[in-house]
*Asks:* 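Here it is, the structure in full.
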2 protein chains.
Amino acid sequence: MDTSAAPGSGVGVAVDLVILTLHEGRLSVALVQRGEEPFAGTWALPGGPVGEHEDLDQSAYRVLENEAMIGEESVHVEQLRTFGAPGRDPRGRVVSVAFMALGADLPAPRRGADVADARWWAVEELAGVELGFDHREVLDCALERARAKLEYSTLAVTFLPAEFTVSQLRGVYEAVWGSSLDAGNFHRKATRTPGFVEELDRFAAPTGGRPARLYRAGSGTTLQPPLLRSGEESA
Amino acid sequence: MDTSAAPGSGVGVAVDLVILTLHEGRLSVALVQRGEEPFAGTWALPGGPVGEHEDLDQSAYRVLENEAMIGEESVHVEQLRTFGAPGRDPRGRVVSVAFMALGADLPAPRRGADVADARWWAVEELAGVELGFDHREVLDCALERARAKLEYSTLAVTFLPAEFTVSQLRGVYEAVWGSSLDAGNFHRKATRTPGFVEELDRFAAPTGGRPARLYRAGSGTTLQPPLLRSGEESA
DNA sequence: GCAATAGTGTCTTTAAGACATTATCTT
DNA sequence: AAGATAATGTCTTAAAGACACTATTGC
């Protein structure tokens, strides 16, 4: 009922962003190195407080632009989950709404205020690294979501430019899932699932083999039936 | 980065609960009738402010117990999404973390403070009814989530008592999806999908036909392959 | 017996997985 | 020609949907 959730209750509200892209062929996340305590020197997700008159999505887009120098262009943004454990921020009670942003070949994140450094991290090489706050859990939540959504949605195309080849699309799946897929079967599935991709009349520049046809994103959002992961490990 | 999400920023944090159960065979949601402005007299979701030292889940369970007189027993609770549009609460800025709770034959919700009435509403008969705040959107979000999760998870069993028949399990799917399923094919799917249900040696009391074998929930959480909805309309 | 509900079997169709094969480029 | 990458075809298997059939109860 929202009964007497009175303002000034001492709880801060923030957003944190898991910005994912394919950087040098690898699934990567934008992290910033904290310049101040707490967690000075450690890497963390970009984020910031929710403005007085902002909706949560607006805050997410603002952080995307300010802290990572990324416009709204063709970035897919969706809410992930909200984290609110009492001790998650040593400075005080902060409830953080986590967002996931996916985009094609995004520019390198820039350094903002209070930030020592900012760059792309390949998710793979981030395996043992400790992150600030509860951001390891947030990142894992995003990876799980992204991996699951590739199965039943057309979301993979948001990692690619407007025109792409089937091989590039397969590369997205292999990078995000960390497994290799059969090229022939993937081609059949991608081109024959209605609404996934639309065939163009042009071809990509050949790279030592038969030139690949170009496609663009189709009008559909869901994959019916889904494209399930079950391939072998290793890309 | 959670930078300076200072306490006392004027934003309140609350939880709202979409409590779903099967009441008289129909998918139903617990609503409370507001006793005070704003939205006095209209029906809304039970909810309340997040306590100073509570994690978000704890707040959800507290509301479940206090406002709906429901223990933690065998209730499945999961976070849905967070709603934070600036004007969603006329009294001031309130960001609300929405939860979904599913349970078997839950007791009737009781009247709490500031509440004129509280009862189960069949989702079906709530079609045209206007709810307080943005709770119509929250409810729709929960229904979508619940309907989707029945496809690829074993969540349907949380709507049933510890021991149940395949027909009852099918009834859950039909009530939540609002469509009818082929009894034979459903039986095959339910009993042959590993981890979904475990066969018992007892039978339910006959109801004018061959007595149905009893089952209990299996150890699995996901349905592989999923049980997709595509049956005819109407229950 | 008949009606009702539970459960099994069979046939068809769809689509995935594992390949082999063909096509078209660079060198 | 050889090698690389793209695309198609074929065969097998898994599993859904339609629906006939058998099983076991109450009346």
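On a predicted model such as this, the values are computed, not experimentally measured, just so you know. Lettering of chains follows the sequences in order, A, B, ..., and the numbering in each one begins at 1.
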*Asks:* Among the nucleotides D:dC19, C:dC19, D:dA16, which one has an atom lying closest to any side-chain atom of A:D182?
*Replies:* C:dC19

*Asks:* Would you please test A:R119 and A:W43 for side chain to side chain contact (heavy atoms under 4.5 Å, CB included) and show each step?
*Replies:* CA-CA 10 Å; A:R119 69 171 182 94; A:W43 294 84; 3.9 Å; yes

*Asks:* Taking 4.0 angstrom as the limit, do A:D16 and A:R88 come out as a salt bridge?
*Replies:* yes

*Asks:* Under 3.5 Å, which protein N or O atoms sit close to an N or O of nucleotides 24-27 of chain C? Give each pair with its distance.
*Replies:*
from   : atom 1 : to     : atom 2 : distance (Å)
C:dT24 : O2     : A:R210 : N      : 3.1

*Asks:* Grab the OH-C1' distance between A:Y173 and C:dG17 for me, whole Å please.
*Replies:* 17 Å

*Asks:* Tell me the interatomic distance from B:F203, atom CZ, to D:dA23, atom P, rounded to whole angstroms.
*Replies:* 15 Å

*Asks:* Could you tell me how far apart A:L181 (CG) and C:dA16 (C1') are, to the nearest whole angstrom?
*Replies:* 13 Å

*Asks:* With a 4.0 Å cut-off on N to O distance, would you call B:E198 and B:R216 a salt bridge?
*Replies:* yes

*Asks:* Any chance the rings of B:F164 and B:Y215 have centres within less than 6.0 Å?
*Replies:* no

*Asks:* Check the pair A:V172 / A:V157 against side chain to side chain contact (heavy atoms under 4.5 Å, CB included), numbers first and verdict last.
*Replies:* CA-CA 8 Å; A:V172 173; A:V157 298; over 6 Å; no

*Asks:* Which of residues 183-198 of chain A sit near DNA chain D, with a heavy atom under 4.0 Å from it?
*Replies:* A:G184, A:H187, A:R188

*Asks:* Distance alone, cut at 3.5 Å: any donor-acceptor contact between the side chains of B:T221 and B:T154?
*Replies:* no

*Asks:* Between A:I19 and A:P46, is any pair of side-chain heavy atoms under 4.5 Å apart?
*Replies:* yes

*Asks:* Please give, in whole Å, the distance from C:dT5 P to B:L169 CG?
*Replies:* 18 Å

*Asks:* Under a 4.0 Å threshold between the charged nitrogen and the carboxylate oxygen, would B:E78 count as salt-bridged to B:K149?
*Replies:* yes

*Asks:* Contact between B:L223 and B:E151 at the side-chain level, heavy atoms closer than 4.5 Å - yes or no?
*Replies:* no

*Asks:* Under 3.5 Å, is there a donor-acceptor pair between the B:H135 and B:E137 side chains?
*Replies:* no

*Asks:* Tell me, which of residues 158-166 of chain A have any heavy atom that sits under 4.0 Å from an atom in DNA chain D?
*Replies:* none

*Asks:* Please state how far atom CG in B:L228 lies from atom P in D:dA15, giving the value in whole angstrom units.
*Replies:* 13 Å

*Asks:* Within this structure, what is the CD-to-C1' distance between A:E151 and C:dA16, rounded to whole angstrom?
*Replies:* 14 Å

*Asks:* Over how many whole Å does the gap from B:L200 atom CG to C:dA6 atom P extend?
*Replies:* 16 Å

*Asks:* Write down the atom of B:E174, the atom of B:L181, and the distance for their closest heavy-atom approach.
*Replies:* OE2-N, 2.9 Å

